[in-house]
Number of protein chains: 2
Amino acid sequence: MAAMTWQAVQAEALRRIRAREWPPGARIPDEEDLARELGCARATVNRALRDLAEAGLLERRRKAGTHVALTPVRKATFEIPIIRQDIESRGQTPGYRLLSRSLAPAPAPVSALLRLPADAPLLHVRALHLADEAPFCLEDRWINPAAAPGVETADLTTISANEWLVRNTAFSGGDIDFGAVAADAGTAALLGCAKGAALFEIGRTTWAGAQPITAVRLTYGPGYRMRTAI
Amino acid sequence: MAAMTWQAVQAEALRRIRAREWPPGARIPDEEDLARELGCARATVNRALRDLAEAGLLERRRKAGTHVALTPVRKATFEIPIIRQDIESRGQTPGYRLLSRSLAPAPAPVSALLRLPADAPLLHVRALHLADEAPFCLEDRWINPAAAPGVETADLTTISANEWLVRNTAFSGGDIDFGAVAADAGTAALLGCAKGAALFEIGRTTWAGAQPITAVRLTYGPGYRMRTAI
DNA sequence: CAGTGGTCTAGACCACGGT
DNA sequence: CCGTGGTCTAGACCACTGT
């Protein structure tokens, strides 16, 4: 039982959960008891079980102890790459075309999303991302210039707003949502698909503390699927 | 500088990254130096920076030291709840209707996905999930009976296969993909939407080690959006 | 080879929250 | 109140991996 790493402890705990030695809902031994049983320090057990708790397989509460979760909520994590990198990772050649760029008051839904006054002038950028010369993804973005100093003079014809913002602003958090939309006429023309086609769409807003940076809607060409492992 | 918790260290590191005191690409001080500077143990610094590295903001390599990531890849995590819980969390009343259930050889795409022989008999379950009596999500699932002992006699009219599997099998991993599809006639009828409507779809395969458990396709009603925070 | 992160230990104190 | 997990410490050894 020598050389008990936290990974080994975690693996053993996982085994017991899966083998129902620790059935769902059951309380498992103390960190101290486990440490003694497995021949390692309590900190090592803590490290192992903390991750399992974060993964949703265990529930830990002071005094109440550690219990096996009744309904293990699986958590998946996926990366949000720069679109160019996404295309490259598919083995295709990325391309980029700036469609339009203007400073204008944002429409109500956008300014509401960013919690800005309705008439606040935002930078509106629309661009098309290409993979091997074919339309890949349509980007429709509103940027709060106050949160992105320099963006008004940035050259967004060669570098996407996405990339510029990642490199030049410090954002702390945001929201994402995924859904499906039917292609309207304009979108269909740009993406080279039929009007009404089912398209995958990602919406994202990002913040620097309480200050809104940008709201973006990415509409992908037909057949696009986002993949990840759990 | 007393009472330096790992959260405080992490916050300070984040601040320096955002303030460009540690600009993108720069090498930051050793754990030991930071510990001395901030007045805490090296383990505390390690704990703080490890999380930032996992989040993609830092890159850590032995000997090479710790560097601020050039292109911070944002990682989002989202939970994969049991559909019933998803509906409940929206403040709606979940409902469930088993549509069909049969033991049959899986079609080629499914058996290939699960890496099973083409003629392997799988349990095919189709069900409709309701929210406040309205169609919410269509579930089309193939289950490997060998990996889910007891499923053949389970009563899937009151509990969804999803829920039964979560409670009765021990899965270790899987894949997920998201996309958009146009509703075919059958799907449209069941979900109460127009044929051709853009629908959000989640595909998932899960495994117990090398043994495939189930492949499922969830097709959500129009307008559904999956949300999460980063 | 040597510097740096990764991890383990033994002990300590603290914070939360059931009883 | 007091058991349990959460965290900090000081020191040690190990495992990569650039040089």
Side-chain angles (χ1 to χ4, degrees), chain A residues 1-17 21-70 72-73 75, chain B residues 1-17 21-70 72-73 75:
Chain A
M1 197 58 80
M4 207 62 182
T5 66
W6 69 264
Q7 290 95 335
V9 173
Q10 190 173 76
E12 172 62 13
L14 261 177
R15 191 192 64 71
R16 294 188 186 181
I17 294 170
E21 283 177 34
W22 292 342
R27 176 169 179 177
I28 76 174
D30 283 355
E31 290 188 350
E32 205 169 337
D33 291 345
L34 274 176
R36 209 173 317 120
E37 180 198 338
L38 299 174
C40 64
R42 184 167 82 91
T44 306
V45 175
N46 183 280
R47 173 80 158 93
L49 299 190
R50 191 200 326 142
D51 282 9
L52 294 180
E54 269 173 25
L57 273 92
L58 293 177
E59 285 175 10
R60 322 193 73 193
R61 270 167 311 160
R62 287 160 153 128
K63 167 77 182 182
T66 300
H67 295 253
V68 179
L70 280 169
V73 177
K75 287 179 183 156
Chain B
M1 195 61 76
M4 207 62 182
T5 67
W6 70 264
Q7 289 96 333
V9 173
Q10 191 173 75
E12 173 62 12
L14 262 177
R15 189 192 64 72
R16 294 188 186 182
I17 294 171
E21 285 178 33
W22 293 342
R27 176 168 179 178
I28 76 173
D30 283 356
E31 291 188 349
E32 206 168 336
D33 291 345
L34 273 176
R36 207 172 320 117
E37 181 198 336
L38 299 175
C40 64
R42 184 167 80 92
T44 306
V45 174
N46 183 280
R47 173 78 157 95
L49 299 190
R50 191 201 320 144
D51 283 8
L52 294 180
E54 269 173 25
L57 274 98
L58 293 177
E59 286 175 10
R60 321 194 74 193
R61 269 168 314 160
R62 288 157 153 130
K63 169 78 181 178
T66 300
H67 294 254
V68 179
L70 278 170
V73 178
K75 286 175 183 157

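The structure presented is a predicted model; accordingly, all values stated were derived computationally and were not measured. Just so it is clear: chains get the letters A, B, ... in the order the sequence lines come, proteins before strands, and each one is counted from 1.
Atom pair I28(B):CD1 and dG3(C):C1' shows a separation of 16 Å (rounding to whole Å applied). Taking atom CD of E59(A) as the reference point, atom C1' of dG6(D) lies 17 Å away to the nearest angstrom. Note: CZ (R47(A)) to P (dT7(D)) measures 12 Å, nearest angstrom. Atom CD of E31(A) and atom C1' of dT9(C) are 15 Å apart (whole Å). Here the P atom of nucleotide dA2(C) and the CG atom of D30(B) are 17 Å apart, to the nearest Å. Here dC2(D) presents its C1' atom at 14 Å from CD of E32(A), a figure rounded to the nearest Å. One can place CE of M4(A) at 22 Å from P of dG6(C), the figure rounded to the nearest angstrom. As a whole-Å value, the separation of L34(B) CG from dT4(C) P is 12 Å.
In this structure, the side chains of P23(A) and V68(A) stay at 4.5 Å or more apart for every pair of heavy atoms. In this structure, the side chains of I17(A) and I28(A) stay at 4.5 Å or more apart for every pair of heavy atoms. Using a 4.5 Å heavy-atom threshold, the side chains of L34(A) and V9(A) count as separate.
Within the 4.0 Å cut-off from OP1 or OP2 of dT9(D), at least one side-chain nitrogen or oxygen of T44(B) is found. For N46(A) and dG6(D), the shortest distance from a side-chain N or O to OP1 or OP2 is below 4.0 Å. Residue T66(B) places at least one side-chain N or O closer than 4.0 Å to OP1 or OP2 of dG5(C).
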**Derivation and outcome, side-chain contact (heavy atoms from CB on, under 4.5 Å), residues N46(B) and R60(B)** = CA-CA 11 Å; N46(B) 183 280; R60(B) 321 194 74 193; 3.9 Å; yes
**Asked** What's the verdict on side-chain contact (heavy atoms from CB on, under 4.5 Å) for R47(B) and Q10(B), showing C-alpha distance, side-chain angles and the deciding distance?
**Response** CA-CA 8 Å; R47(B) 173 78 157 95; Q10(B) 191 173 75; over 6 Å; no
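Taking a 6.0 Å sphere around CD of E32(B), one finds it holds 12 or fewer heavy atoms contributed by other residues, nucleotides or ligands.
By the 4.0 Å N-to-carboxylate-O rule, R50(B) lies too far from E54(B) to be salt-bridged with it.
At a threshold of 4.0 angstrom between heavy atoms, the contacts of Q7(A) are confined to the sugar-phosphate backbone, with no base atom among them.
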**Complete:** Once base and sugar-phosphate atoms are separated, protein heavy atoms under 4.0 Å mark nucleotides 10-19 of chain C, 5' to 3', with B, S and - as --B--BBBB-
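Sequence order on DNA chain D of the closest nucleotides to R50(A) and G65(A) puts G65(A) first from the 5' end.
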